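Side chains included, hydrogens not; waters and symmetry mates left out as well; all remaining heavy atoms used. Note that the structure is predicted; figures quoted are calculated from it, not measured. Both ligands and their constituent atoms are indexed starting at 1 by order of listing.
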Amino acid sequence: MSARRPPRSAAHELERYAGLFAARTSMMRSSAMRDLMAVTVRPEVISLAGGLPDTTTFDPALFARLTASLPTAEALQYGPSEGLRGVREAIAAVMAAEDMEVDADEVLVTTGGQQAIDLVTKALIDPGDVIIAEAPTYPGAVPTFCAYEANVIQIEMDADGMNIDVLEETLDALAAEGRRPKFIYTIPTFQNPAGVTMSLARRRRLVALARERELLVLEDNPYGMLRYEGERLATLRSLESPSGSSDENDFIIYTGTMSKILSPGVRVGWLTAPRPLLAKLILGKQSTDLCSSTLAQHFVAAYFASGDWRPYVDSLREVYHRRRDVILDALAEHLPAASWTHPQGGLFIWVTLPEYIGTTDLLARALAENVAFVPGEAAFADGRGRNSMRLNFSSAKDDDIREGVRRIGTIVAEQVELFETLTGTRASRAEPLTPGVADPAAGEALANVLELPRRAATEGRRSRKA
Ligand SMILES: Cc1ncc(COP(=O)(O)O)c(C=O)c1O
């Protein structure tokens, strides 16, 4: 037997490969949620961090029946890049439930909604191209936009979603420089991470703006079916194309996912897009993974063929609605110094703390108390969001949610007390959804807490220059 090599330091290992990395890797950022998952799988940690649906609610007997029913040879075979017919039809049915008429042929099945974001960015973005997103935006989209070296401009939101006046001003300012965004990325309904929903009036204005200025909009809608109160609002996709004809759909790229209505483990999402763009996106998918898992797609097709899928979504809605109320009550009890949003659906609440509290540092303290959240900076490409955090309320049980918020409340109270003692002033509450100014040290601080590969890439660059 050969002798075991002594372990090398991570820095040494990196140096060996540094000269090989593509320049774009220096822009790559780690997904804060993925990093946190390594910590939050520990049973003693109460995680309010991930966006995990509660998969324990899925009936194991149904799961066993469905998997036993899959056609073995076909399920184990490659499939078409566009996706299996049965899945595309199921997707058309899901979209119809949100008043969007699409033909199954217009649907591209993707490996989760995450891949839809990746494919759109891959097809449209050259280094330096502008993407407009909300402030804050989906933390999982930030690493994608960074990997393709996009220039991400984030537009403030309030309780009615993206501020369209600010968007117009930004578009004007860009136009004055001879620039235009390649696309606008928005999660209009129960936004991740802010939990707010764009009003109907703003949706109409955004669609009109897209038409007027010929701008593509990527509408990401994983949570639309998870409404706990209020009236359903038309999607941008249905506002642009009221008759359902794809010929009218010139500017909206729409993405959805099975992750929040069935299971994230199946990794089945989808997109629809204006036809010429769809053709490019299919090419992009072929180079990425040929096709999404046929095995998983057969499971999804079998699930939708087995009966009505809506009662399960109703049952999820009931569970999450209760947990949303639990977390709102717990916040009111334990975080007097904070402000937060009031989501009418979805899985997230965005909490804004006094400006002097940095949530990246706070996370280290929180993890020592066995509770986790996503620090606000993960939702910005520009280092803002340092005094905010995203809390998820779908995956922890009610008592754990209460206890997790209590622990966060205790460590926030320590910070408030420290600040008041040191400055002799009383702290004021920050308004909800104020993104704050960028902290130049923010990226490094986050890297220190979460061991991000981004540091590795920076080190790689440095040593290449040296
Ligand atoms: C806004 C948003 N988009 C896309 C995704 C990706 O989900 P998936 O790849 O599981 O479909 C998520 C997951 O949390 C999300 O919140």
Taking the six-membered ring for Trp and the full ring for Phe, Tyr or His, determine whether the centres of Tyr303 and Phe58 are under 6.0 Å apart. yes
Give a yes or no on whether a salt bridge exists between Asp314 and Arg317, defined as a side-chain N under 4.0 angstrom from a carboxylate O. yes
Below 4.0 angstrom from a heavy atom of Tyr223, which ligand 1 atoms are there? Numbered from 1 as shown, please. 13 (C), 14 (O), 15 (C), 16 (O)
Of all the atoms in ligand 1, which lie at a distance below 4.0 Å from a heavy atom belonging to Lys260? 13 (C), 14 (O)
N or O contact, Gln115 vs ligand 1, cut-off under 3.5 Å: no
Check each atom of ligand 1 against the heavy atoms of Pro222 and keep those under 4.0 Å away; list them by number with element. 1 (C), 2 (C), 3 (N), 15 (C)
Out of Ile117, Thr257, Thr137, Ile187, whose heavy atom sits nearest atom 11 (O) of ligand 1? Thr257
Identify the residue among Thr110, Asp220, Leu271, Ile253 that makes a side-chain contact (heavy atoms from CB on, under 4.5 Å) with Ile117. Asp220
May I ask you to check whether Gly112 has an N/O atom sitting below 3.5 Å from an N/O atom of ligand 1? no
Donor-acceptor pair between Lys122 and Thr288 side chains, under 3.5 angstrom: yes
Using ring centroids (six-membered ring only for Trp), state whether Phe299 and Phe63 fall under 6.0 Å. yes
Taking only non-hydrogen atoms of Ser259 and a 4.0 Å limit, the atoms of ligand 1 in range are 8 (P), 10 (O), 11 (O)
To the nearest 0.5 Å, what is the distance between CG (Asp118) and NZ (Lys285)? 10.5 Å
Provide the number and element of each atom of ligand 1 under 4.0 Å from a heavy atom of Arg267. 8 (P), 9 (O), 10 (O)
